[in-house]
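Right, one structure below, let's go through it.
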Amino acid sequence: MSTRPTVLNFSGNDTAGLAGVAVDIKVQHAFDVHSASIITANTAQNNKEVISINAVSESVFTDQLSAIASMPIKVIKVGLIGTVEQSEKIASFAKEKQLPLVLDPVIASSSGTVFLDDTFLSCLKQKLLPNTLLLTPNTIEAELLAGIKITTEGDIVKAAEILLSMGTKAVLIKGGHFSVDKASDQEAIVQDYFSDGEMSFWLSNKKINTSHSRGTGCALSSSIAASLALGYSLYDAVVIAKMAISQGLRQSYSAINTKDTDKSFGPVNITNFPCEQIDLPVLTHKPYGHLSSTLLDGAFPACNKPLLGLYPVVERADWIEKLVPVGVTTMQLRVKDLSGDALENEIAKAIALGAKHNCRLFINDYWRLAIKHNAYGVHLGQEDLHDANLDEIKKAGLRLGLSTHCHYEVARAHAYKPSYIACGPVFHTTTKDMPWVPHGLAGLSYWRDVLSYPLVAIGGINTERFGPIAATGVDSVAMITAITLADNPCDVAANFVQQFNDAQH
């Protein structure tokens with residue numbers, strides 16, 4: 001018998017089923033998460049207007065809270081709050097249970113109509129924000145909470161800093177009301193800004209032009225809460241939620257039968273855990289439009305014809321002449337114990353041997369030396385992206401491979417349109433100290449389905465695991481100790497090459 005983690009939603013009931021608790025339950029069901037719900041208010045609204053918001057009585061709210069208290073709740077998601085007293089009780093409940101709380105502050109409508117008075121806002125700031133893991137306001141709501149006008153990207157950053165100072169652990173300011181226009185509206189970019197005081201980043205997608213966007217705030221916060229309940233980190237959860245909203249907007253529909261469907265204002269429609277690259281946001285540490293034109297225009301050179309195949313990672317150039325004769329056509333030089341002239345000489349030797357034997361050789365980390373000696377490509381880890389000059393690498397015509405371990409890192413890699421993406425660890429590995437939970441075959445298959453980039457599997461791969469991994473349809477399998485520490489490395493590599501080739505037929 002399977003079990004599902006539970007998210008507790010504090011939500012309003014929308015008569016039209018376009019927002020509130022209806023959206024919370026639909027989205028969390030799509031994520032395979034169980035929804036428990038406490039109704040804060042019964043609203044009278046349709047697809048065009050909010051007629052009234054009718055908070056439930058204090059006794060009804062308290063009874064609901066008492067009834068739900070014994071359930072194994074993983075995460076709390078808060079949307080529309082009906083009264084100041086409800087806000088105080090939600091804060092006390094979250095603090096007592098020590099549960100992560102995602103707050104979608106339903107303060108104003110998309111048209112700018114303010115629902116809450118100053119007393120309510122004061123209570124929200126003083127009582128609820130200090131017990132909030134993530135606050136998800138749109139720019140209108142961020143203005144009201146932070147007390148500043150938002151007209152620039154710098155204002156968004158400033159508003160986030162103010163909100164963090166009020167006690168919330170993290171904030172995601174939604175950019176649906178603040179798109180960055182390009183040459184035409186079809187190319188407009190919508191950006192969300194995340195910050196927890198230590199890590200800050202922008203999530204960008206191409207704007208999806210549809211009038212059917214009701215419930216996006218509820219759907220985003222519900223997706224984040226569901227992802228957290230499933231065990232994802234907060235960084236991953238916001239990326240996954242951004243993917244889910246993109247899916248929901250693409251699949252949105254009209255809520256009424258009318259010839260004028262463009263003005264019917266239907267809901268977003270999230271039907272499953274997001275699994276398509278079209279929905280994957282670009283993650284950058286500065287606004288998308290501030291990236292260099294070199295990186296924005298086009299991808300890094302291709303490298304996957306023929307398929308990358310078996311991908312040994314070695315420490316010395318001599319391995320190239322050993323392994324090329326058994327069918328290896330792709331290798332990575334990862335030198336950890338040399339420096340100065342000895343390091344440069346080893347890299348130069350490896351690049352020359354790679355060119356001589358028509359081997360696609362990627363240099364790990366040392367991108368400057370790779371450019372200097374005209375390498376085929378460079379492989380970088382996420383930590384290397386802080387210091388590497390990707391402009392120079394791209395202008396030099398080198399291929400780029402990037403390591404990833406989670407949704408956050410894949411979205412970051414996606415920003416640079418690399419030649420391939422490495423996905424790991426597939427299994428536990430001892431070659432690196434990694435905090436990530438291994439993907440396993442199911443996780444690797446997920447990323448194979450999501451990404452159109454050439455995909456390299458890496459981490460904890462041995463003889464027994466090689467065949468099933470190759471069968472997932474990855475473009476390459478990276479191996480380190482299974483080859484370099486084998487008694488007969490060439491025979492082992494030849495066997496892996498044959499297994500990979502067999503898996504492609």
Side-chain angles (χ1 to χ4, degrees), residues 299-339 341-381 384-385 388-390 392-403 413 416 418-424 431-432 453-459 461 474-486 489-490 492-494 496-497 500-501:
F300 274 83
C303 66
N304 200 38
K305 290 186 178 179
L307 296 184
L308 291 167
L310 179 65
Y311 188 178
V313 179
V314 299
E315 293 185 342
R316 291 293 186 269
D318 293 343
W319 280 101
I320 297 172
E321 289 190 307
K322 293 178 183 178
L323 297 179
V324 165
V326 300
V328 174
T329 62
T330 309
M331 297 183 70
Q332 181 184 139
L333 181 71
R334 185 167 72 179
V335 181
K336 298 296 183 182
D337 59 345
L338 298 178
S339 61
D341 290 342
L343 171 66
E344 181 167 357
N345 290 339
E346 192 68 28
I347 289 174
K349 177 182 177 182
I351 292 171
L353 286 172
K356 176 183 176 182
H357 294 285
N358 198 27
C359 177
R360 293 167 289 193
L361 180 70
F362 289 84
I363 304 300
N364 181 280
D365 193 8
Y366 298 105
W367 58 273
R368 291 183 181 88
L369 292 175
I371 292 174
K372 179 179 179 180
H373 294 283
N374 195 29
Y376 178 84
V378 172
H379 179 90
L380 299 176
D384 302 319
L385 289 174
N389 189 323
L390 272 67
E392 288 189 26
I393 296 171
K394 192 170 188 180
K395 287 176 182 176
L398 274 63
R399 285 78 177 169
L400 176 67
L402 292 177
S403 291
Y416 302 110
S419 306
Y420 72 75
I421 287 178
C423 178
T431 59
K432 270 191 175 183
Y453 293 97
L455 190 66
V456 177
I458 188 169
I461 304 171
V474 293
D475 302 276
S476 181
V477 182
M479 310 284 289
I480 306 175
T481 57
I483 293 175
T484 59
L485 297 184
C490 294
V492 170
F496 286 144
V497 169
F500 185 87
N501 291 339

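Note that this is a predicted model, so its numbers are computed, not measured.
When side chains are defined from C-beta on, Pro306 counts as touching Arg360, because their heavy atoms get closer than 4.5 Å. You'll find the side chain of Val492 stays beyond 4.5 Å of the side chain of Met479, heavy atoms only. The shortest side-chain heavy-atom distance between Asp318 and Lys349 falls under the 4.5 Å cut-off. Taking 4.5 Å as the limit, some side-chain heavy atom of Val497 sits within range of a side-chain heavy atom of Val328. A 4.5 Å side-chain heavy-atom check between Lys356 and Glu321 finds at least one atom pair inside the cut-off.
Between Leu369 and Ile347, the shortest heavy-atom distance links the atoms CD1-CD1, 3.6 Å. Summarising the geometry of Ile461 relative to Ala482, their closest heavy-atom pair is O-CB, 3.8 Å, with the distance given to 0.1 Å. Minimum interatomic distance between Ala494 and Val326 (heavy atoms only, all atoms of both residues): CB-CB, 3.8 Å. Heavy-atom minimum distance, Leu361 versus Ala350: CD2-O, 3.2 Å. Shortest non-hydrogen contact noted between Trp319 and Pro489 is CZ3-CB, 3.6 Å. In terms of heavy atoms, Asn374 sits closest to Ile351 at O-CG2, 3.7 Å.
In this structure, CZ in Arg316 is found 12.0 Å from OG1 in Thr484, a value given to the nearest 0.5 Å. Interatomic distance, Phe500 CZ to Ser476 OG, rounded to the nearest 0.5 Å: 6.0 Å. Interatomic distance, OG1 of Thr330 versus CG of Leu323, reported as 11.5 Å (0.5 Å rounding). Rounded to the nearest 0.5 Å, atoms CD (Gln332) and CG (Asp365) are 10.0 Å apart. Note that the CG atom of Leu310 and the CE atom of Met331 stand 9.0 Å from one another [nearest 0.5 Å]. Annotation: the span from Leu402 atom CG to Leu385 atom CG amounts to 5.5 Å, rounded to 0.5 Å.
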Could you tabulate the donor-acceptor pairs under 3.5 Å formed by side-chain atoms of residues 394-401, not counting sequence neighbours?
from   : atom 1 : to     : atom 2 : distance (Å)
Lys394 : NZ     : Thr294 : O      : 2.9
Lys394 : NZ     : Asp297 : O      : 3.3
Lys394 : NZ     : Gly298 : O      : 2.5
Arg399 : NE     : Ala302 : O      : 3.4

Given side chain to side chain contact (heavy atoms under 4.5 Å, CB included), test Cys303 with Leu308 step by step and report yes or no.
CA-CA 7 Å; Cys303 66; Leu308 291 167; 4.0 Å; yes
Could you please spell out the steps behind the side chain to side chain contact (heavy atoms under 4.5 Å, CB included) verdict for His373 and Ile363?
CA-CA 11 Å; His373 294 283; Ile363 304 300; over 6 Å; no
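Distance alone, capped at 3.5 Å, is enough to place a donor-acceptor pair between the Glu346 side chain and the Ala317 backbone. With hydrogens and angles ignored, the 3.5 Å screen pairs a side-chain donor or acceptor of Ser419 with a backbone N or O of Pro301.
For CG of Asp337, the number of neighbouring non-hydrogen atoms (other residues, nucleotides, ligands) closer than 6.0 Å is greater than 12.
Test Ile393, Leu390, Leu380 against Tyr416 for side-chain contact (heavy atoms from CB on, under 4.5 Å) and you get one pass: Leu390.
In terms of the salt bridge (charged side-chain N to carboxylate O under 4.0 Å, His left out) criterion, residue partners of Lys372 (sequence neighbours excluded) are, by chain and number, Glu344.
Taking the six-membered ring where the residue is Trp, Phe362 and Tyr311 present tilted rings, their angle falling between 30° and 60°.
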